[in-house]
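For reference, the structure is listed below as structure tokens.
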Amino acid sequence: MNFRTGRGYTLIELMAVTLVLGVLAAIALPAYFNYSTRAKASEGLSFFVPAKKGVVEFRLQSGRFPDNNGEAGLGAPTDYSGDYVASVTVGANGVVSVLFDDPALLGGSLVWTPSYVPVDGSIKWVCSTAIPHTLVPKTCRN
């Protein structure tokens, strides 16, 4: 197109640009939403690590899993909160729950359940959640 003529763009050219931008937006926006929500949910993993450590240490010392934050050597559940995490709770049999307060995560939680493997003395962790599969970190996609 010759910009010196002062003619401007035709309607077809403007419609083509609008179509291309619309298609790009239709693909990029959902992908970005999933990416940003997974990033928010991954904050839960960083809060899970100290709870996991406390549960494992208690199990090694006592031969059983802790039933609350105190036994796992943690503070109150709300002491462990961040931008998207509301609390971290150790429940019966060492089950660790990370509760989110972000609307994108639907107020859900990530729940890790430990089990002792007597063959090698290790502890196996299984993550479960009601948050949609596409919005949680890969480590919680069972």
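Position 1 is the first residue of the sequence; numbering continues from there. Note that this is a predicted model, so its numbers are computed, not measured.
- Listed by chain and residue number, nothing satisfies the side chain to side chain contact (heavy atoms under 4.5 Å, CB included) test with T18 (two or more places apart in sequence, or in another chain).
- Side chains of V95 and V90 form no contact here, defined as non-hydrogen atoms less than 4.5 Å apart.
- Checked against salt bridge (charged side-chain N to carboxylate O under 4.0 Å, His left out), K40 has the following partners two or more places apart in sequence or in another chain: D102.
- Taking both residues in full, the closest heavy atoms of S81 and A86 are given as CB-O, 3.4 Å, listed atom of the first, atom of the second, then distance.
- Looking at V55 and V96, their side chains come closer than 4.5 Å, going by heavy atoms from C-beta outward.
- Looking at every heavy atom in both residues, G75 comes nearest to N69 through O-ND2, 2.9 Å.
- Identified under the side chain to side chain donor-acceptor pair (under 3.5 Å) test for residues 43-60, with sequence neighbours left out: none.
- Distance alone, capped at 3.5 Å, is enough to place a donor-acceptor pair between the T129 side chain and the I131 backbone.
- Under a hydrophobic clustering in which Ile, Leu, Val, Met, Phe, Trp and Tyr are joined whenever their side-chain heavy atoms come within less than 4.5 Å, directly or via other members, L135 and V85 fall into the same cluster.
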Atom pairs and distances, side-chain donor-acceptor, residues 61-68, under 3.5 Å, sequence neighbours left out:
from, atom 1, to, atom 2, distance (Å)
S62, OG, F58, O, 2.8
S62, OG, R64, N, 3.3
S62, OG, R64, O, 3.1
R64, NH2, E71, OE2, 3.1
D67, OD1, N93, N, 2.9
N68, OD1, G70, N, 3.1
N68, OD1, E71, N, 2.8

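- Scanning for side chain to side chain contact (heavy atoms under 4.5 Å, CB included) contacts around S122 gives V117, D120, with sequence neighbours left out.
- Judged as a ring-ring contact (aromatic ring centres under 6.0 Å, His included), the pairs with a partner in residues 86-127 (not counting sequence neighbours) are, in order, F48-W112, F48-W125.
- Proximity of D79 to L74: side-chain heavy atoms (C-beta onward) are nowhere separated by under 4.5 Å.
- Here the side chains of M15 and L19 are not in contact, with every heavy-atom distance at 4.5 Å or above.
- Scanning both residues, T89 and P77, for their nearest heavy atoms gives OG1-CB, 3.5 Å.
- With contacts defined as side-chain heavy-atom distances shorter than 4.5 Å, the pair S109/L99 qualifies.
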